[in-house]
Amino acid sequence: MKKRLTISGLALGVTLLGVGFSNTFAADETLRSLAEKNGIYVGAILNSQWFSGGLPGNYEQIHKSQFNVVVAENEMKFDATEPSEGRFSYGNGDKMVKYAQQNGMRVRGHALAWHSQVPGWVNNYRNDKQKLLKVLKNHIQNVVGHWKGKVAEWDVVNEAISNNEPMWRSQSVWYQGIGPDFIDSAFVWTHAVDPDAELCYNDYNLEQGISPKAKAGFLLEQVKRWVKNGIPIHCVGSQTHVEDTTTDKHFIGSPDSLRALAKELAKLNIKLKITELDIGFKSGINVSKSDLERQGKTFREYLDIVLEEPNADTYLIWGVSDKWSWLGGLNRQKGLIYDDNLKPKPAFDSILVRLQTFEPPKDTTVTDTTKQDTSVTDTTKQDSTIAIHQTAGPGSVTTHVAGHTLFIAGVKSAKVEVFDMQGRPVFSGKCETGALELKGVSEGVYMVRIREQSASLVRKIAIK
Ligand code: XIL
């Protein structure tokens with residue numbers, strides 16, 4: 001279970017008083033640093049192009065500074081790790097594990113038993129149950145054994161449920177050859193090899209309701225049975241590949257439905273993880289600024305589940321930049337939080353500001369067994385309205401609000417963006433004279449981000 005870390009007194013001092021800014025701007029707070037304050041994991045895949053060295057240098061820079069959990073897009077799948085029978089290939093996975101270790105990131109392993117991306121030699125045993133059992137067990141023992149203690153959690157079984165009606169996916173080689181018990185066996189074998197790893201069942205369309213007719217409802221019944229039978233399952237991964245609501249009339253998923261699943265899983269002592277989030281638009285449509293802002297709101301609503309539900313701890317996005325995304329194949333576009341030029345989109349801001357402003361309920365004390373931190377006292381509450389003046393040492397930036405005017409000292413030409421406490425943008429403008437009228441912003445508490453070139457800082461302000 002995660003620990004609800006509140007913002008420490010030290011961090012608060014830095015944030016509000018501007019202590020320690022030796023340059024004009026402090027280093028940006030990152031999704032990662034804020035995720036860690038909130039005791040959650042925020043991650044993105046390493047795209048296949050990263051493994052082949054086909055990405056610009058700032059991709060990795062962004063990845064390691066913004067995220068604290070990582071998963072390989074394709075490189076730990078069956079066809080990548082055992083391309084021919086009994087011959088294992090770990091080079092790419094090892095490369096990612098090393099990168100994660102060097103950068104203090106958690107590693108997810110994806111995926112052991114899946115019907116897709118299995119090599120042809122496995123499919124040849126489709127009608128031989130005994131052989132297939134041996135193949136799956138041998139694969140798990142080798143792959144999980146190789147990364148034992150290094151991969152913190154595995155998608156042991158991926159997408160075993162049919163998409164059309166609540167039943168098993170009958171075309172899966174594992175289901176056809178072995179029957180539904182392949183799932184129970186895969187969990188037991190994985191646990192036997194690495195008893196410390198967290199083991200997940202992972203699937204998509206789980207944000208579409210928990211009625212018995214929905215996929216998540218069917219899954220819940222199976223999880224209940226697995227738990228009752230002592231099958232070592234610890235988490236459900238919700239892929240959460242969703243389409244922006246206004247461009248798909250048939251879209252029926254929602255953050256509320258996924259939250260309902262999290263709550264049901266909590267009763268079974270099972271975690272919920274968001275493992276492959278993207279929120280795409282239909283290919284070919286013109287995506288406007290307000291579309292991107294609405295997309296940001298949806299990203300935030302899914303994040304709220306992870307922040308607020310005690311048994312949810314992971315928010316993992318299936319890609320970094322829209323330029324390298326699998327969504328094209330789904331007839332979708334622009335589903336990630338960085339644009340084609342690796343510039344943060346409104347969705348990035350929305351997530352960042354939400355992580356900055358989230359205040360855990362006062363009485364939440366949850367013990368984290370996966371992270372090493374100790375409890376920190378919440379000293380933020382009494383300060384929520386005092387962040388109007390910030391003064392720092394020489395060369396620093398000072399901000400001050402009077403009425404609707406924001407005064408900024410220490411910058412020449414700055415872009416100013418104001419967000420409400422849910423991370424929605426409410427104002428943006430340029431400040432070149434040291435003062436800026438925050439037109440149209442109503443009374444209340446906001447986050448303001450001031451950017452000069454690539455440096456930026458974020459402050460809480462109150463408009464009275
Ligand atoms: C996708 C990858 O992103 C693509 O590069 C690959 O061609 C197909 O698989 N559900 C999963 C992921 O569990 O493994 C899939 O990844 C996306 C859907």
Side-chain angles (χ1 to χ4, degrees), residues 43-55 59 63 67 69-83 89 92-93 95-96 107-120 122-123 139 143 151 153-164 168-169 171-175 182-183 186 190 198-208 215-216 219 235-243 251 253 258 272-280 283 302 314-338:
I45 59 171
L46 277 174
N47 289 86
S48 285
Q49 294 88 340
W50 177 83
F51 293 88
S52 52
L55 294 175
Y59 173 98
H63 193 278
F67 304 115
V69 55
V70 67
V71 64
E73 180 168 24
N74 289 300
E75 289 64 23
M76 284 192 184
K77 293 176 181 173
F78 203 124
D79 58 355
T81 47
E82 195 181 354
S89 168
N92 277 329
K95 185 176 164 181
M96 180 179 78
V107 179
R108 295 201 88 235
H110 172 82
L112 297 170
W114 187 24
H115 66 279
S116 184
Q117 294 180 270
V118 274
V122 173
N123 284 301
H139 182 78
V143 173
V151 168
E153 59 188 69
W154 278 102
D155 284 334
V156 177
V157 176
N158 194 27
E159 301 181 355
I161 302 172
S162 155
N163 209 26
N164 305 318
W168 297 117
R169 183 186 291 273
Q171 325 87 303
S172 158
V173 60
W174 306 116
Y175 180 87
F182 85 86
I183 301 176
T190 308
E198 270 194 307
L199 307 186
C200 298
Y201 175 88
N202 195 54
D203 214 325
Y204 62 100
N205 286 3
L206 298 183
E207 65 289 337
Q208 301 191 351
K215 206 167 178 177
L219 173 61
C235 36
V236 164
S238 165
Q239 294 184 8
T240 332
H241 297 289
V242 297
E243 192 157 302
F251 177 87
L258 191 59
L272 178 93
K273 294 169 186 273
I274 293 181
T275 52
E276 305 187 12
L277 182 63
D278 44 41
I279 304 173
S283 291
Y302 280 108
T314 298
Y315 184 80
L316 211 154
I317 302 169
W318 204 249
V320 178
S321 151
D322 288 334
K323 186 160 184 179
W324 303 285
S325 162
W326 79 302
L327 281 179
L330 278 196
N331 207 23
R332 292 182 191 160
Q333 58 164 338
K334 297 191 195 299
L336 301 173
I337 65 171
Y338 287 85

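Every heavy atom of this structure was used, including side-chain atoms; hydrogens, water molecules and symmetry mates were not. One-based numbering, in listed order, for ligands and for the atoms of each. FYI, the numbering just counts along the sequence from 1.
- A distance-only check finds a donor-acceptor pair linking the side chain of E73 to the backbone of S48 [under 3.5 Å].
- Atom-to-atom distance recorded for N158:CG and Q239:CD is 5.5 Å, nearest 0.5 angstrom.
- Of all non-hydrogen atoms in W114 and W174, the two that sit nearest each other are O-NE1, 3.0 Å.
- Side-chain atoms of M76 and V151, non-hydrogen and from C-beta on, do get closer than 4.5 Å to each other.
- Using a heavy-atom distance under 4.0 Å as the criterion, the protein contacts of ligand 1 are E73, N74, K77, H110, W114, Q117, N158, E159, Q239, H241, E276, W318, W326.
- Of the charged side-chain nitrogens involved, none lies within less than 4.0 Å of a carboxylate oxygen, so that K95 and E75 do not count as a salt-bridged pair.
- Cation-pi contact between K323 and Y338: absent, since separation from the ring centre below 6.0 Å together with deviation from the ring axis within 45° is not met.
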